[in-house]
Amino acid sequence: MTLYLRDARYIDSESLVVSATHLAVEEGASGGVHLLDIIPAAGERKAGDRVLDCKGRFVTRSFACGHHHIYSALCRGMPAPPKVPNNFVEVLRYVWWRVDKRLDKDMIEASALTAALQMARRGVTFCIDHHASPIHVEGSLETIANGFEQCSIVHLLCHESSDRNGAEYAQKSLAEHDAYLASGRHGLIGLHASFTVGDELLEKSVALARKYDTGLHIHVAEDLADEVHCEETYNKRVARRLADIGGLESERTILGHCLHCNDEERSLIAGSPVWVVSNVESNQNNNVGLTDYDWLQNVMLGTDGMHNDMLRSAKAHQLCCATTGGIGYDEVYRRFRNVHNYLSQFEGIGDDLNNLVILDYDSPTELNSDNFLGHFLFGIEAIHVETVIAKGRVIVEDRRSTLVDEEAILAYGREQGLRLWEKLGV
Ligand SMILES: [Zn+2]
C-alpha cells in the first residue's frame, strides 16, 4: 500500500532541500519516499492506498532516540528520596537503584506504553532503550517490545547487567539477553557501568555480543567516580579496561556519556568503530559535567530517560556545546541525525525514510534550505508535530495516536505509578 501526501513542503533530512511537492510513501520496514508531480487519480490507485492532504505543511524525516531509560517513565512526581543526593553515586543509590529494584511486569508494561505513546506524539519513531529491572528480569525485554509495538515505536533494547545486586541477578540478566536475541529480535548487550560490572560479567557480555554479532550498550565515565573506581580496582581507565576485554571492537557498541575520558581514552574511542551518546540535560540534572565531543565523529543524541522529546535534546545539546565548543548548527544537526547512520547497520530494522513527521509549523519568517537549521534549533518544537508516519503508516493524526486508546494507557500509567510509589515507601 502507498500513502500519498498531497501538497507538502518536503524537507530532505540530508540535503535540507525544501521542495513544494506531493509525496508517495512506501509501506514496510525498508520503504522510501518519492517526490511526485501528480498524485495518481482514484481509479489508478490500489485498494488500501490513502491520500492525506498536507495543505502546504512541512514534512521531514521523523526522529530517533539514541539512549533512553523508559523504566523511569512512572517516576514523574514520585515521592522524594529518603536523602537528598550529594553526588552522582548517591543519585543512583537513593533514586534509581531504589526504583529499578521495585519494578514488576505490570509497571514495566505501563512504562513502555506511556513512553512509547509520548515518543510517538513527539515524532520519535525509533528508540534505543537501556532497561533496568534487576529483580524482574525474565521476559522484561519482550514486555517492552510489545508495549512499543502497540504504539508502532521501533526499538533496539537491552537489559542492564550489573554485579551490584549479586551474581544470581547478573546471570539472569545475561540469560534474558540470550533468550531475547535467540528469539530473533534485534538488540544490544546492556551493562550498567564499569564500577558495578566485574571482569567475569564484562567478559561474558562481550562473548554474548560476539555470539549474536551485536554490540554492548554501557555507560562510560558519566561521573568521575567511574574512572576513580576503575583506576583503584583495575589500575587503568574505563575505556582502556573496555578495550582490553574486547568491548570497543563492534560498530554496534554504544557508550553513554564519556564525559570524563582523558586524552588516551578519547584516542581509543575515536580510533574504534563504537558510538557515543550525548545526554546533556541528564548530565546537568546530575551535575556530572559536560563535554563538547569535539574529539569524536560517531556521536549521537539521547534523552537518558529525562523525557521523550528528541527536538528538545537537540536544542539542549546546542545550548551546551555550541557556545563553548565552537560547534555550528550544522554539527548539532549532524549529531541529531547520526542515530540513523548508526541504525543503518541493522538492515530492515524499520528506520528508513518512510518514517515522517508532518509539522504544523506556523513560522513568522521564511523557511528555506539555507536557513532550515536556524528554524530547527530555535523554532520547530514537538508541539508542531501534527501527524506521524511510521514505516509508511499513519500512527499519529491531529496529535492523537491512531493505534491505541490514549486515555486507557495514561490511566494504566497512573495506576502502576501509584503502585510503584507505594512500594518505594516500604
Ligand atoms: Zn543512561
Side-chain angles (χ1 to χ4, degrees), residues 27-29 62-75 99-100 102-161 172-190 212 214 217 303 305 308 343 346 348-351 355 388-396 400-417 419-420:
E27 188 173 319
S62 65
F63 320 126
C65 177
H67 181 76
H68 204 338
H69 297 289
I70 63 92
Y71 78 85
S72 67
L74 306 181
C75 294
V99 166
D100 65 16
R102 287 164 174 81
L103 294 172
D104 60 24
K105 182 174 188 288
D106 288 351
M107 295 176 196
I108 295 167
E109 182 179 47
S111 301
L113 282 166
T114 53
L117 174 61
Q118 293 180 351
M119 280 189 273
R121 289 184 51 168
R122 287 154 182 77
V124 177
T125 54
F126 200 109
C127 178
I128 303 174
D129 190 67
H130 193 274
H131 175 64
S133 58
I135 308 304
H136 182 86
V137 183
E138 190 179 348
S140 58
L141 295 181
E142 197 60 42
T143 298
I144 296 170
N146 288 333
F148 277 16
E149 286 161 12
Q150 286 185 49
C151 300
S152 202
I153 301 299
V154 193
H155 47 81
L156 197 58
L157 307 180
C158 67
H159 191 271
E160 181 187 288
S161 299
K172 282 186 177 180
S173 181
L174 285 171
E176 171 66 2
H177 285 110
D178 207 353
Y180 184 72
L181 294 167
S183 74
R185 293 283 201 182
H186 284 297
L188 299 169
I189 308 298
Y212 289 104
T214 191
H217 189 176
T303 64
N308 302 291
L343 290 170
F346 299 85
I349 199 169
D351 184 52
N355 295 282
V388 182
I389 295 159
K391 293 188 283 187
R393 290 173 56 217
V394 175
I395 67 165
V396 169
R400 303 281 292 179
S401 173
T402 61
L403 304 175
V404 293
D405 181 338
E406 295 193 3
E407 279 68 33
I409 284 179
L410 295 174
Y412 187 41
R414 288 191 290 270
E415 173 196 316
Q416 295 305 317
R419 282 188 61 237
L420 172 63

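FYI, the numbering just counts along the sequence from 1.
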Looking only at heavy atoms, the pair that brings Val137 and Ser140 closest together is O-OG, 2.7 Å
Answer yes or no: is there a side-chain heavy-atom contact under 4.5 Å between Met119 and Cys151? no
With the side chain counted from C-beta on, respond yes when Leu103 and Leu420 share a heavy-atom pair under 4.5 Å apart, and no when they do not. yes
Short side-chain to backbone donor-acceptor contact, Arg122 and Gln118, under 3.5 Å:
yes
Notebook entry, point to check: Is the backbone N or O of Gly190 less than 3.5 Å from a side-chain atom of His159, with the two atoms forming a donor-acceptor pair by type?
Noted result: no
Handout entry: Check: Arg102 and Met107 side chains under 4.5 Å, non-hydrogen atoms
Key = no
The side-chain hydrogen bond (donor to acceptor under 3.5 Å, both in side chains) partners of Asp178 (sequence neighbours excluded) come to Lys211, Tyr212
- Query: Heavy-atom distance under 4.5 Å between the side chains of Arg419 and Asp104, does that happen here?
  - Reply: yes
In short, Tyr180 meets His186 closest at the heavy-atom pair CE2-O, 3.5 Å
### Task
Please examine the side chains of Ile144 and Tyr71, heavy atoms only from C-beta on, and report whether any two atoms are closer than 4.5 Å.
no
- Task: Decide yes or no for Ser173 and Glu160: does some side-chain heavy atom of the first lie under 4.5 Å from some side-chain heavy atom of the second?
- Result: no
Taken to the nearest 0.5 Å, the spacing of Cys158 SG from Leu188 CG works out to 6.0 Å
- Message: I'd like to know if the side chain of Ser72 reaches the main chain of Gly305, judged simply by a donor and an acceptor atom lying under 3.5 Å from each other, with no hydrogens or angles considered.
- Response: yes
Taking Leu141's backbone N and O only, do any of them form a donor-acceptor pair with Glu176's side chain (distance below 3.5 Å, no angle check)?
yes
Between Ser62 and the options Asp351, Thr125, Asn355, the side-chain hydrogen bond (donor to acceptor under 3.5 Å, both in side chains) test singles out Thr125
- prompt: How about Asp129 and His217: does a side-chain donor come under 3.5 Å of a side-chain acceptor?
  reply: no
In terms of heavy-atom contacts, Ser152 and Ile395 come closest through CB-CG2, 3.6 Å
Per side chain to side chain contact (heavy atoms under 4.5 Å, CB included), His68 is matched among Val124, Leu157, Ile128, Asn308 by Asn308
To the nearest 0.5 Å, atom CG of Leu74 lies from atom OG of Ser111 at 3.5 Å
dist Glu138:CD -> Lys105:NZ (nearest 0.5 Å) comes out at 11.5 Å
Sequence neighbours excluded, the answer for side-chain hydrogen bond (donor to acceptor under 3.5 Å, both in side chains) partners of His155 is Glu149
ask   = Do Phe126 and Ile153 have side chains that get closer than 4.5 Å, going by heavy atoms?
value = no
What about the rings of His130 and His67, do their centers lie closer together than 6.0 Å?
-> yes
With heavy-atom distances below 4.5 Å as the criterion, would you say the side chains of Leu156 and Leu343 are in contact?
yes
Here the pair of heavy atoms bringing His177 nearest to Ser161 is CE1-OG, 3.5 Å
Nearest heavy-atom approach of Ala110 to Gly413 is CB-CA, 4.1 Å
Please list every donor-acceptor pair under 3.5 Å in which a side-chain atom of residues 403-412 meets a protein atom from a residue at least two apart or in another chain.
residue	atom	partner	partner atom	Å
Asp405	OD1	Glu407	N	3.2
Asp405	OD1	Ala408	N	3.1
Glu406	OE1	Arg121	NH1	2.6
Glu406	OE1	Arg400	NH1	3.2
Glu406	OE2	Ser401	N	2.5
Glu407	OE1	Arg400	NH2	3.1
Glu407	OE2	Arg400	NH2	3.0
Tyr412	OH	Asp106	O	3.4
Tyr412	OH	Glu109	OE1	2.7

Examine the side chains of Ser133 and His131 and answer whether a donor and an acceptor come within less than 3.5 Å of each other.
-> yes
